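These notes are about the structure you will find just below.
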Amino acid sequence: MVKGGHRLLFLVGLSLWLCLVSPATSELQRLQHPTKPDGDGDGTLSFLVVGDWGREGNYNQSEVASQMGVIAEKLDIDFVISTGDNFYENGLTGEDDPEFLESFTDIYTAPSLQKPWYNVLGNHDYRGDVEAQLSPALRKKDSRWICFRSSILNAEIVEFFFVDTTPFVDKYFTDPGEHKYDWKGVEPRDGYLSNLLKDVDSALKESSAKWKIVVGHHTIKSAGHHGVTVELVEHLLPILEANHIDLYVNGHDHCLEHITSTDSEIQFITSGGGSKAWRGDIRSWKPEEMKFYYDGQGFLSVSMTGDRADLVFYDVFGQVLHEWSISKQLHDAA
């Protein structure tokens, strides 16, 4: 059962994220989520991050979900972030696709996971009916589901910038192979990407949040199967570096990964272990940047205050694999 105060916070959060505020200079959807009060006045925030999960419970998806429920209860999380590839292999066929219930609602059943889920789209989602995942009809089926192409979540001490990364990747347009992608709402592509980059840059510049976290599906730095997404390195990374974000969080590679940068203070986090993993599929990487790599299933927890963020990777058994802290005052990682 959800405790009274906990339930009240959840209902307050629901009312806030349902109220979209029109931004002044950006076309990005804007959402709000409150922090939990603490003695210092800044508030605290806890959340989980999982990606590449939607397989009707198979490939250990159900086992990962079970451990997410345990950790979510322990941390009293505020919400969950999904880094995309929400439904395999080819997204949803429509608003009434039973896959939504079979891979989401029926899997993440723990009381502690009955919180808002903020989702980005992955390349597999684009192989289905994208507008189905964006539809308010899914929120009527499961009120946790919150999905936009790109959006900003203001959680007081931190702002999250969710970026639609799939349209950046050239091969999905030039060499899709047997796959068919749903580009409604994206074409003409050049204009879509130009506006998105402009909006993200503008929103980051305007942000006064203590922490700035960007979430996308595709990798920027990764030693996993897909490796570096060159289009994001060319077009998005310069904007992230210029605006001094703290974390870039992604999925796409089915692993757990923590990479730092020798060129900036950005830390690159891959949480794509929600179901099927790719054992042994690891590329070489600069040892001074590679802090952690795990080629199995699992997820990430983040607990934040205004001055500190504690991050922990867990495996499918709920065991801690890697943990570290970031101090906002010292601008370094422990």
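Note that the structure is predicted; figures quoted are calculated from it, not measured.
- Taking the ring-ring contact (aromatic ring centres under 6.0 Å, His included) definition, one finds that Y314 meets it with F299, sequence neighbours left out.
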**OP:** Would you please test I71 and L48 for side chain to side chain contact (heavy atoms under 4.5 Å, CB included) and show each step?
**Re:** CA-CA 9 Å; I71 301 302; L48 303 183; 4.2 Å; yes
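- A distance of 10.0 Å separates NZ of K328 from NZ of K210, quoted to the nearest 0.5 Å.
- By the 4.5 Å heavy-atom criterion applied to side chains, Y118 and S151 are not counted as neighbours.
- When each of F268, Y126, Y172, Y248 is paired with H218, the ring pair (Phe, Tyr, Trp, His ring centres under 6.0 Å) condition holds for Y172 and for no other.
- Both the sub-6.0 Å distance and the 45° axial angle are not jointly satisfied by K291 relative to the ring of W324.
- S275 places no side-chain N or O within donor-acceptor distance of the main-chain N or O of G54, the cut-off being under 3.5 Å.
- With rounding to the nearest 0.5 angstrom, the NE2 atom of H124 is 5.0 Å from the CG atom of D85.
- Considering W145, F47, F79, F104 as possible partners of W117, the one that fulfils the ring pair (Phe, Tyr, Trp, His ring centres under 6.0 Å) test is F104.
- Between Y294 and H322, a ring centre-to-centre spacing not shorter than 6.0 Å is recorded.
- A cation-pi arrangement is absent between R189 and Y192, since the terminal nitrogen or guanidinium carbon is not both under 6.0 Å from the aromatic centre and inside a 45° cone about the axis.
- Taking the six-membered ring for Trp and the full ring otherwise, the centers of F292 and F313 sit less than 6.0 Å from each other.
- Rounding to the nearest 0.5 Å gives a distance of 11.0 Å between CG of N60 and OG of S66.
- The shortest non-hydrogen separation linking I245 to I266 is O-CG1, 3.5 Å.
- Exactly one residue among N123, T83, D125 makes a side chain to side chain donor-acceptor pair (under 3.5 Å) with H217. That residue is N123.
- Here S325 contributes atom OG and R308 contributes atom CZ; the two are 3.5 Å apart, rounded to the nearest 0.5 Å.
- Shown here are the side-chain contact (heavy atoms from CB on, under 4.5 Å) partners of A110, two or more places apart in sequence or in another chain: S112, L113.
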